[in-house]
Chemist: 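Sharing a structure, written as structure tokens. Questions coming.
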Amino acid sequence: MREETLSLERVPVSTEGYDALTVPVHRASTIRYADAESFACRAERGADGYVYGLYGTPTHRYLEGKITAMQRGARSVLLPSGQAANVCAMLAVLKAGDRVLLPDNCYGPTRDFAQTDLPGLGITAEFYDPTDLAALERQVPGARLIWAESPGSLTLEMQDIPAIVAIARRHGALTGCDNTWASPLNFRPLEHGVDLVAEALSKHFGGHSDLLMGSVTVADPALGLRLKAQMGRYGIGVSPDDVALVMRGIETMALRMTRAAATALELAEWLAGQPHVARVLYPALPGSPGHDLWTRDFRGASGLFSVVFDDAAAPHILPALDALRVISIGASFGGTRSLAAPSAVPPLRSATRWTGPEFVLRLSIGLEAPEDLKEDLARFLAAAETCIAAARIKKS
Ligand SMILES: *Cc1c(COP(=O)(O)O)cnc(C)c1O
């Protein structure tokens with residue numbers, strides 16, 4: 001063999017006795033076949049066989065299997081983002097002529113997809129009040145899918161998932177749930193009869209703000225096979241390097257989430273007692289809306305909550321945030337570092353009326369020392385107080 005050819009050959013390496021604790025990263029587009037016959041029959045390898053990189057390598061199987069086990073499901077698929085997970089979960093079960101119901105507080109880009117793209121596919125999207133079960137029951141007849149997200153984005157209303165599943169079943173509808181806030185460590189929708197559960201793995205699973213990925217897990221193996229085949233036809237796959245990062249993130253997810261939730265509860269309690277804080281929206285906080293459902297159904301919390309300010313402070317939230325030194329301003333959550341995201345609620349509501357000020361402050365609590373975060377929030381509150389006083393002087 002000449003040098004060029006030799007340099008392309010894979011030398012034989014024994015894997016005997018090699019059983020590392022870590023997940024190997026298998027990067028591959030092409031899978032090699034032992035002979036022409038096995039290549040010709042490759043479709044017979046089935047959904048879990050290896051035929052081409054797009055359909056998964058052992059690295060992908062590790063994460064799919066891990067998520068399936070954590071969700072107590074039958075099969076999972078990996079998507080390039082949490083948004084793709086929501087979209088693909090819906091497209092797996094919706095077709096032209098169908099109607100889907102989404103909670104009014106669902107993830108913003110998912111609302112946008114439902115409003116902008118579903119009509120073009122002949123699918124009707126309607127929004128519902130996430131906490132009004134009687135109104136939902138009236139809206140369901142004829143719907144193909146009820147989507148849920150609990151707690152919901154920005155305002156964190158809890159949904160009664162078992163009751164929503166019961167309503168769906170009475171009317172022959174399927175249910176899907178965006179479970180990103182809780183993760184399967186704290187809530188497992190499939191155990192309550194939900195048909196499809198989506199997760200943004202970019203958040204708690206990855207856990208370090210350095211990747212984007214999503215997953216959809218289903219309880220019905222036949223639906224799982226249809227979903228897997230559909231994602232293949234759409235050409236959707238994820239990088240094995242990112243998969244390995246998620247696998248690493250999962251190992252510390254319980255520790256990270258427990259710590260973040262403990263700090264978040266401490267800060268939420270403290271914030272609730274501060275001047276100009278009208279409400280703290282955090283289901284884990286006693287007295288917060290949805291706390292009873294959270295206590296009944298969830299095993300724990302994440303470190304994500306929202307703060308609603310009174311009318312005096314609300315107009316000054318944006319400039320006051322510039323006083324933060326530890327907490328970064330930015331979207332997303334579930335990372336090691338705390339984030340603040342001032343978020344406008346009214347543009348993202350259509351079935352319910354938001355009665356608070358335009359902006360809520362969403363805080364994603366990370367792993368910093370709680371005292372440093374409290375001092376940082378105190379700096380922000382003091383800056384808001386200064387703005388309020390300046391506005392008062394200007395007015396008089
Ligand atoms: C962030 C988020 C998503 C989308 O996840 P990406 O990976 O950022 O696309 C979906 N649902 C919820 C509730 C989220 O918070």
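Counting starts at 1 for both ligands and their atoms, following the listed order. Sequential numbering from 1 along the given sequence is applied to the chain's residues. None of the values given here were measured: they were computed from a predicted structure.
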Chemist: Find out whether the Lys NZ or Arg CZ of Arg111 is both under 6.0 angstrom from the six-membered ring centre of Phe127 and within 45° of the ring's axis.
Modeler: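 Yes, Arg111 sits over the ring of Phe127.
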Chemist: Answer with side chain, backbone, both or neither: which part of Ser202 has a heavy atom less than 4.0 angstrom from an atom of ligand 1?
Modeler: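 Just the side chain.
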Chemist: Any idea which atoms of ligand 1 are less than 4.0 Å away from a heavy-atom of Phe333?
Modeler: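 Result: 15 (O).
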Chemist: Please report whether the ring centroid of Tyr282 lies less than 6.0 Å from that of His291.
Modeler: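 Not under 6.0 Å, so no.
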Chemist: Give the atom numbers and elements of ligand 1 that come within less than 4.0 Å of a heavy atom of Gln83.
Modeler: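 Contacts of ligand 1 toward Gln83, numbered from 1: 4 (C), 5 (O), 6 (P), 9 (O).
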Chemist: Taking 4.0 angstrom as the limit and counting only heavy atoms of Glu149, give me the atoms of ligand 1 inside it, by number and element.
Modeler: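 Those atoms are 13 (C).
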Chemist: Run the contact test for Trp181 against ligand 1 with a 4.0 Å cut-off on heavy atoms, strictly below, and give the result.
Modeler: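 Distance cut 4.0 Å: Trp181 fails for ligand 1.
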Chemist: What protein heavy atom sits nearest atom 6 (P) of ligand 1, and how far away is it?
Modeler: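 Result: Gly82 N, 3.3 Å.
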Chemist: Tell me the protein heavy atom at minimum distance from atom 12 (C) of ligand 1, and give that distance in Å.
Modeler: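 Result for atom 12 (C) of ligand 1: Asp178 OD2, 3.4 Å.
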Chemist: Can you see whether Thr352 engages Asp129 through a side-chain donor-acceptor pair at a distance of less than 3.5 angstrom?
Modeler: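 No - no donor-acceptor pair under 3.5 Å links their side chains.
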Chemist: Looking only at the side chains, is there a donor atom on one of His316 and Glu385 sitting less than 3.5 Å from an acceptor on the other?
Modeler: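 No pair is found: no donor N or O on one side chain lies under 3.5 Å from an acceptor on the other.
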Chemist: Could you list which atoms of ligand 1 come closer than 4.0 Å to a heavy atom of Lys203?
Modeler: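 In order of numbering, the contacting atoms are 1 (C), 2 (C), 3 (C), 5 (O), 14 (C), 15 (O).
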Chemist: Could you report the tightest heavy-atom contact between Phe113 and Met90, atom names first, then the distance?
Modeler: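 Taking Phe113 first and Met90 second, the nearest heavy atoms are CE2-SD, 4.2 Å.
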Chemist: In terms of ring plane angle, is the pair Phe309 and Phe380 parallel, tilted or perpendicular, where the classes change at 30° and 60°?
Modeler: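 The arrangement is perpendicular - the two ring planes meet at more than 60°.
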